[in-house]
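Values below: every heavy atom of this structure, side chains too, minus hydrogens, waters and symmetry copies. Counting convention: from 1, in listed order, for ligands and their atoms alike.
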Amino acid sequence: MRLTPQQQQQFDHDGYLFFPGLFTPEETGALTAAVPALYDRREAYNVREKDSEAVRTNFAAHMYSEPFARLARHPRMIQPVEDLLGEKLYMHQFKINGKMAFEGDVWQWHQDYGTWLNDDLMPTERAMNVAIFLDDVNEFNGPLMFIRGSHKKGVLQARHDLRTTSYPLWTVDNDLIRQLVERSGGKGGYDADGRPVGGGIVSPKGPAGSMILFHSCLVHASTSNLSPFNRVSVYLSLCAVSNHIRRHKRPEYIAHRDFTPISCLPDDCLRKHYPVDLPWESGLPASALQTSLEEFESTLVTP
Ligand code: SIN
Ligand code: MN
């Protein structure tokens, strides 16, 4: 799937693009069905919510689960990002976020690139997030919130929050969030039908199978899920190959170390069987848990 010049312009302006219902229920079915068994595993790659058994985030399923390995090579997700970054991509991070009914906790305001820079030494912001909803996302189950156009501000000052949730994150302070929202439209207003318009915070909602592309500097957050509806979503973090990380401070199942460009499968890869590699199918290798504070030079040979 390729982006039109108009979509590219909209992305540049807003910092995200939303594609409601891009994948059919038939296509998302095998993914959704695989999640409970993945979440049941007692493995380092399942991070549970604070004081709860509910999975907050599962890492690297594309390395050990066949349907997710196929999703990770889907042209509807990979090609638009190749268009936007103008380069081949590798998988920096792959998550299945639970945000489970009643249990799913907040994600504080942050930029993903803040974490990738501070922890992984990713040289520039030339990386992108792609989200796929595996459940319907509505105003009740903690949808993502974006500050429209905030990616234009580049890398913002951030604080390493190790306390609020079970997962460490480089978060942006409330004062700065207030300013960014004000600059993008504040509270906004309402149209003749009572629908909110023009505000600085936007929140794409839609059926399972919807996709969002968003810039690595776009400031985002989500509230807790007090509803009885799960909000499982998959996030691919795709990085331009030449922009690969320069430090392995975080384990490999969180920040990947294989910078091989992704080759797409055909567009029907979620409906038909295509063989895929599952290198961690029989368990995480010891190397995937190792970490280092050492900074390394790029060994990529660029033409
Ligand atoms: C994230 O920002 O990485 C996750 C946010 C969410 O799942 O709501
Ligand atoms: Mn994020």
Indicate whether the side chain of D112 and that of H220 have a donor and an acceptor atom separated by less than 3.5 Å. yes
Find all atoms of ligand 1 within a distance of less than 4.0 Å from any non-hydrogen atom belonging to S222, and give their numbers and elements. 6 (C), 8 (O)
What I want to find out is whether E66 reaches R70 closely enough, with some N-O distance under 4.0 Å, to be called a salt bridge. yes
Using a strict 4.0 Å cut-off to heavy atoms of N97, name the atoms of ligand 1 that fall inside it. 4 (C), 6 (C), 7 (O)
Suppose we measure from atom 5 (C) of ligand 1 to each protein heavy atom; which comes out shortest, and what is that distance? W107 CG, 3.5 Å
Under 4.0 Å from a heavy atom of K95: which atoms of ligand 1 are those, numbered in the order shown and with their elements? 3 (O)
At the Mn ion (ligand 2): angle between H220 atom NE2 and H110 atom NE2, to 10 degrees: 90°
Atoms of ligand 1 under 4.0 Å from any heavy atom of L144, numbered from 1 in the order shown, are 5 (C), 6 (C), 8 (O)
Which pair of non-hydrogen atoms, one from W116 and one from S237, has the smallest distance, and what is that distance? CZ2-OG, 3.3 Å
The atom name of the N, O or S atom in D112 nearest to the Mn ion (ligand 2) is OD1
Ligand 1 contact on R231 by region, counting heavy-atom pairs under 4.0 Å: side chain
Regarding ligand 1, does H220 bring an N or O atom to under 3.5 Å of one of the ligand's N or O atoms? yes
For E82, the option from L238, I262, L89 that meets side-chain contact (heavy atoms from CB on, under 4.5 Å): L89
Please step through side-chain contact (heavy atoms from CB on, under 4.5 Å) for the pair V35 and I96, ending with a clear verdict. CA-CA 8 Å; V35 172; I96 312 171; 4.3 Å; yes
Assess whether a salt bridge exists between K152 and E125, defined as any Lys/Arg side-chain N lying under 4.0 Å from an Asp/Glu carboxylate O. no
What are the two closest non-hydrogen atoms of G142 and K99, and how far apart are they? O-NZ, 3.4 Å
What I want to find out is whether E49 reaches R56 closely enough, with some N-O distance under 4.0 Å, to be called a salt bridge. yes
Which atoms of ligand 1 have any heavy atom of H110 under 4.0 Å away? 1 (C), 2 (O)
Considering only non-hydrogen protein atoms, determine which one is nearest to atom 6 (C) of ligand 1 and report residue, atom name and distance to 0.1 Å. Y235 OH, 3.2 Å
